[in-house]
Each structure stands twice: as structure tokens, then as C-alpha cells.
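Note sheet for the following structure.
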Amino acid sequence: MASKLQPIRGTRDLLPEDCRAHARVEEACRSVAERYGYGEIRTPILELTPVFSRSLGDATDVVQKEMYTFEDRGGESVTMRPENTASVARAVLSNGLLNEMPLKLHYAGPMFRYERPQKGRYRQFHQIGVELYGVPEPAGDVEVIAMGADVLAELGLLEQTRLEINTLGDAESRVRYRDALVAFLRERQEGLSEDSKDRLERNPMRVLDSKDAGDQALVADAPSIFEHLTDEARAFFDAVQDGLTALGVDHKVNPRIVRGLDYYCHTAFEFITENLGAQGTVIGGGRYDGLMEQMGGPALPGVGWAGGIERLAMLAAGGVEARRPVAIVPLGEEAEKRALVMAHDLRRQGHVIELGYRGNLKRRMQRANKVHASHAVIMGDDELARGIVTLRDLDSGEQAELSIDSVSEGLPVHG
RNA sequence: GUGGCUAUAGCUCAGUUGGUCAGAGCGCCUGGUUGUGGUCCAGGAGGUCGUCGGUUCGAGACCGACUAGCCACCCCA
């Protein structure tokens, strides 16, 4: 069984139950996004490789070792999207949406990353996300973060998560800070873990967020970004925090929140849970004012986040039940024909109808019970002759007779 | 990519120091007679014990490789 017919490592089939859980997360995002006036966008899963390599940063782990990149039959290097922000940015440019500012978009769909699979981490995984373009003000950050909190609230996950935010500063702050941090770390290079020595070269900010105990101790009194912020960057971050406070969005500043992708600046934030082991980030995002330019477009500010559908679905587990059907149980050929028509009519009226394909009364009742039907509409020769059906409440066992033409009046109201 | 743990029926798992060990519960199927499910009772069908090699008179049990899952690192949603 676990032989050759298994899915590719890190991918999995989503069975009806999984799909319902995913749909619930997607619906939560969609309904929140609509309230904020965000339109849905769907971009291709395949993009030309530079769409990602140029925007995420050549040195990032995602680009260096996690992308599904290959040559298509035309000899073009293409990549299965490892995230959606770059794709959406590309779409904004491709479709001339630059005149539609501010531009508010949300999405849901599969992403691909060649990582070692773990719980909450798959090679094909799914994300929901929102992107806000053309708003350089901190109000944009506040709105976007509030949307994240709303989605979590919609899913009943607010209690299980906490919001941590940080600022990466503007370009000037970042350069200043980076220099200071690198200088600090270089002096203590010998004490760093191997991983962090490597980080020092590639992405020094990441050292701050190392889980190595030695690194953490060493980094405890490293210079802080806050000492190196320009006045503008500081004011920006303060405004974001004030905005969140005004909206009652609880948050905590964590100077160790860092982004792994190059396009981020200013605000970085994560909604984190303790209930998923090492993969605790459930929604992560920030501001990416430089992204458009890096992609060859005009300067255009952006903020957004992405949320892991699998992770959110796991946290929100349980409670996703399909609507209970009504089972129609015909007995005899004549009734069978009538049942087909009745099922059709009732379905058109919006009822969930389960019509067995075969079997005697007992078999069909068992089937009705198995699909957790709320009622059974029984009709045999007796009933047909009298122009009625027997309606049985499968929870209470009570039965009543109804006119065959007004069956829907006895059925639960659908929603 | 690194380290560790795991891999037995559809699912959850038992299988003692290698020799009737191929099992249980749940699920599934069929009955308990003719138009009433959920409970109960009785039967039944499902596994070449992840794959491939090796050790041994003999391996589901020991060893190796591979594959996959899980945990941590890493990375990130």
C-alpha cells in the first residue's frame, strides 16, 4: 500500500473533509476581504523564473534551494510559485493596474517549496493572502494587520494566537543598522553557531532569530534596530502601533521578527501559535515598498500578508460539518420514478437530498443514517395511492404524513 | 540539506528473548424472513507484516540500503 502509488513527497490528497476545512479558511479570508473592499486575483502557478529570483532576492533560501524550477519545452526557465506576492506584483504590472491605486487584492491557492516535509510544512501547501498597493501611509499597515486579526477571529483562533510586530526600518535605517549589527557580530564571530556564521554573510538580521542557545545569549545585547531608525521610520512604526491600539488589536513588539525575503521594509509582523510545534507562524507579512521597482516597475508601496491554510485549518480543526441531507426512500418501481423527480425538484429548491440508488427499506434507512440525514421521506404504494409521503424525523423517530406535493414544507429550512 | 524516532488489515494499534503470530477494536459486507435506521446478536471479506537485499535450519520480529511519515535543526505560511 505504501509502495509506488503514493503521492510525491510533501504533497497530499485533500479528501472531502480536508477540502471542507480548507474551504472554511478560504471563506473566512474572502468574507473579510470583501468587507474591506478587496477583490480576488488568481495568477498562474507557473511564472518565468526571474519573477521570483529578482524580487525575493537571489541570496534567500527560498530562491537558492527551495524553488521548483525547470526548463519548459520551449527552453524557458519557469518556476512554480513559492509564494504569491511576487506573482501579484507582476500581474499588477502586466495588466496596467497602476492607474487603479489604491489597489486592494486578495487570493488563495497552492504554493510550492522544496523543503523537508514536516507537520504544517508541505512541498505543496496553500495560502490565503491580501495585498494593498499604493498606500505609503501607516494606515495601510494597520488595515492589513487588522484584516489578519479579523480572519483569525472569523475562524475562532484569536485566543490561540498572538501578534508580534517589528520594524525593519526604511532603506536608510536598514543600512545603518545592518552595518552596526555586522560590526557587532564580527567581533564575536567565534562564538556563533555554524549556521549563524553563514547567516552573518548572507542575511545578518537572521542571526537575531536563531534558536541556538549560544547565539541567543550572544545576541541578547546586540545593537537594536530601534537605535538606528531614522526619525521618519520611527514615526512610521509608532503610527502603526497607535493604529493597532486604537482598533483594539493586541500586539507585542518583538525585535527579533525578521523577514526572509528581501523585499520587506518597515513593518514586519507574524500571528503566531504555540499549538503547532515548530511551524508556529500562521500568518506572516509586512511592508514591501521596494518590490515593484525591483521587478522593473515604478516605485509603488505595498503591504500584505500570507496565511498558511493547512496550519489555520489544523488549528481550527473540528466543527466543520456538511449540511445534513434529507433522504428520500422510495419503495417499488412507481415510487422510484416519483422519487427521482421529487429529489430533483427539492434540490432545485435548495434542499440537500440523498437518494439511494438501490436497496430495500432497511438498506436505505441504514444509508440515510450513515449520511447523517435529518429526515427520511418514505413513500411506498400505500402513500402513493393516498397522495402522501411519510416524513420521519431521524433524530426523534417521530413520523408524520404530508401531501406529496408539499414535502418541502416539512423539511428543515435551508441556509 | 543535518540529526533522531517510526512504518503490521480502510482506520487506531497488539504481536513477549527470532520457531502455528498473522491478531484485536472500529469501519465495511451478509444475515437475525415480508415497509423503518441509529442499539444488540451471529457470520464474512480485507494484510506476500513499506520496498529491496542480508544474517539464520527458520524473521513481522536481527542487520543494511531505499522510500515515506513524524520530531528537532534549517526555513517559513
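Chain identifiers are assigned alphabetically (A, B, ...) following the order of the sequence lines, protein sequences preceding nucleic acid strands; residue numbering begins at 1 within each chain. Please read these numbers as outputs of a predicted model, since none were measured by experiment.
- Here the NE2-CD distance, from H22(A) to E27(A), works out to 13.5 Å after rounding to the nearest 0.5 Å.
- For K119(A), counting side-chain heavy atoms from C-beta on, the closest listed nucleotide (G35(B), C70(B), A72(B)) is C70(B).
- Base orientation at G35(B) is anti, since its O4'-C1' glycosidic dihedral falls outside 90° of 0.
- Each ring pair (Phe, Tyr, Trp, His ring centres under 6.0 Å) pair with one or both residues in residues 381-408 of chain A, not counting sequence neighbours, would appear here, but there are none.
- Phosphate contact (OP1/OP2 of C71(B), side-chain N/O of R116(A), threshold under 4.0 Å): absent.
- Cation-pi check for R81(A) over F112(A) is not met; the charged atom does not lie both under 6.0 angstrom from the ring centroid and within 45 degrees of its normal.
- Relative orientation of the Y68(A) and Y114(A) rings is perpendicular, given thresholds of 30° and 60° on the angle between their planes.
- Side chain to side chain, T79(A) and T49(A) meet the donor-acceptor criterion of an N or O pair below 3.5 Å.
- Here E143(A) pairs with nothing under the salt bridge (Lys or Arg N to Asp or Glu O under 4.0 Å) rule; sequence neighbours left out.
- For N369(A) and G37(B), a side-chain-to-base donor-acceptor distance below 3.5 Å is present, hydrogens and geometry of angles not being considered.
- Rounded to the nearest 0.5 angstrom, I257(A) CD1 and T167(A) OG1 are separated by 12.5 Å.
- Rounded to an integer number of Å, the gap from NE2 of H375(A) to C1' of U36(B) is 15 Å.
- Residue contacts shown for Q399(A) include a base, since a base heavy atom lies under 4.0 Å away.
- Within 4.0 Å of G397(A), counting heavy atoms only, lies at least one base atom of the nucleic acid.
- At the heavy-atom level, E194(A) lies nowhere under 4.0 Å from the strands shown.
- The C1' atoms of C21(B) and G15(B) are separated by 6 Å, rounded to the nearest whole Å.
- Side-chain to base pairing of R9(A) with U67(B): no donor and acceptor N or O lie closer than 3.5 Å to each other.
- Comparing E310(A) and P117(A), the nucleotide of RNA chain B nearest to each residue sits closer to the 5' end for P117(A).
- Among the atoms of the strands shown, only primed sugar atoms or phosphate atoms (P, OP1, OP2) are found under 4.0 Å from some heavy atom of I283(A).
- Across G35(B), C71(B), C76(B), the shortest atom-to-atom separation from the side chain of Q279(A) is found for C76(B).
- For the strand RNA chain B, secondary-structure stems (runs of at least three Watson-Crick or G-U pairs, all distances below 3.5 Å) span B:1-7 with B:67-73, B:10-13 with B:23-26, B:28-32 with B:40-44, B:50-54 with B:62-66.
- For R311(A) and Q279(A), the side-chain atoms include at least one donor-acceptor pair closer than 3.5 Å.
- N360(A) comes within contact range of no nucleotide atom at all, as no heavy-atom separation falls under 4.0 Å.
- In this structure, the separation between CE on M295(A) and CZ on F52(A) is 8.5 Å, given to the nearest 0.5 Å.
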Check against salt bridge (Lys or Arg N to Asp or Glu O under 4.0 Å), E310(A) and R123(A): CA-CA 12 Å; E310(A) 282 83 355; R123(A) 290 183 173 181; over 6 Å; no

Footprint string (nucleotides 28-33 of chain B, 5' to 3'): B base within contact, S backbone only, - free, heavy atoms under 4.0 Å: SSSSB-

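- Contact annotation for E83(A): no contact, since no heavy-atom pair falls under 4.0 Å across all strands.
- Contact of R12(A) with G69(B) (side chain to base): no donor-acceptor pair of N or O atoms is detected under 3.5 Å.
- In this structure, the CD1 atom of I128(A) is 13 Å from the P atom of A77(B), given to the nearest Å.
- For Y122(A), the side-chain atoms get nearest to C70(B) when compared with the rest of G35(B), C70(B), C75(B).
- Using a 4.0 Å heavy-atom distance criterion, I309(A) is classed as making no nucleic acid contact.
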Using residues 190-200 of chain A as the side-chain source, report each donor-acceptor pair under 3.5 Å to any protein atom, sequence neighbours left out, with the distance given to one decimal.
residue: S193(A); atom: OG; partner: S196(A); partner atom: N; Å: 3.2
residue: S193(A); atom: OG; partner: S196(A); partner atom: OG; Å: 3.3
residue: S193(A); atom: OG; partner: D215(A); partner atom: OD2; Å: 2.6
residue: E194(A); atom: OE2; partner: K197(A); partner atom: NZ; Å: 3.3
residue: S196(A); atom: OG; partner: R199(A); partner atom: NH1; Å: 2.9
residue: S196(A); atom: OG; partner: D215(A); partner atom: OD2; Å: 2.6
residue: D198(A); atom: OD2; partner: R202(A); partner atom: NH1; Å: 2.8

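- One atom, NZ of K211(A), and another, P of C74(B), lie 6 Å apart when rounded to the nearest Å.
- Within 4.0 Å (heavy atoms only), G359(A) reaches no atom of the nucleic acid at all.
- Going from the P atom of U6(B) to that of A61(B) covers 14 Å, rounded to whole Å.
- Separating the CG atom of N203(A) from the P atom of C75(B) is a distance of 9 Å, rounded to the nearest angstrom.
- Below the 3.5 angstrom threshold, one finds a donor paired with an acceptor across the side chain of R121(A) and the base of C74(B).
- When the P atom of A68(B) is taken as reference, atom CD1 of I8(A) falls 10 Å away, rounded to whole Å.
- Among the heavy atoms of the strands lying under 4.0 Å from G277(A) are primed sugar atoms or P, OP1, OP2 only; no base atom is included.
- Out of C73(B), C76(B), U36(B), the shortest distance to the side chain of R113(A) is found at C76(B).
- Taking the ring centroids of Y38(A) and H106(A), they lie at or beyond the 6.0 Å cut-off.
- Minimum atom distance to the side chain of I378(A) is reached by G35(B), of the listed A77(B), C70(B), G35(B).
- Distance CG (D61(A)) to P (C76(B)): 6 Å, rounded to an integer number of Å.
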Using atom types as modelled, flag every donor-acceptor pair under 3.5 Å from a side chain in residues 145-165 of chain A to any protein atom, sequence neighbours excluded.
residue: D150(A); atom: OD2; partner: Y36(A); partner atom: OH; Å: 2.7
residue: E154(A); atom: OE1; partner: R35(A); partner atom: NH2; Å: 2.9
residue: E154(A); atom: OE2; partner: S31(A); partner atom: OG; Å: 3.4
residue: E154(A); atom: OE2; partner: R35(A); partner atom: NH2; Å: 3.4
residue: Q160(A); atom: OE1; partner: N275(A); partner atom: ND2; Å: 2.7
residue: T161(A); atom: OG1; partner: L157(A); partner atom: O; Å: 3.1
residue: T161(A); atom: OG1; partner: L158(A); partner atom: O; Å: 3.4
residue: R162(A); atom: NE; partner: E164(A); partner atom: OE2; Å: 2.6
residue: R162(A); atom: NH1; partner: E274(A); partner atom: OE2; Å: 2.5
residue: R162(A); atom: NH2; partner: E164(A); partner atom: OE2; Å: 3.4
residue: R162(A); atom: NH2; partner: E274(A); partner atom: OE2; Å: 3.3
residue: E164(A); atom: OE1; partner: N254(A); partner atom: ND2; Å: 2.6
residue: E164(A); atom: OE2; partner: K252(A); partner atom: NZ; Å: 3.4

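- Checking F125(A) against R367(A), the closest nucleotide of RNA chain B that is more toward the 5' end is the one next to R367(A).
- Considering only the side chain of L361(A), G35(B) comes nearest among G69(B), C73(B), G35(B).
- Atom P of nucleotide C76(B) and atom CG of N84(A) are separated by 17 Å, given to the nearest angstrom.
- Contacts of A368(A) with the nucleic acid, taken as non-hydrogen atoms under 4.0 Å apart, are absent.
- For Q6(A) and G69(B), a side-chain-to-base donor-acceptor distance below 3.5 Å is absent, hydrogens and geometry of angles not being considered.
- Atom CG in L157(A) sits roughly 14 Å away from atom C1' in A77(B) (whole-Å rounding).
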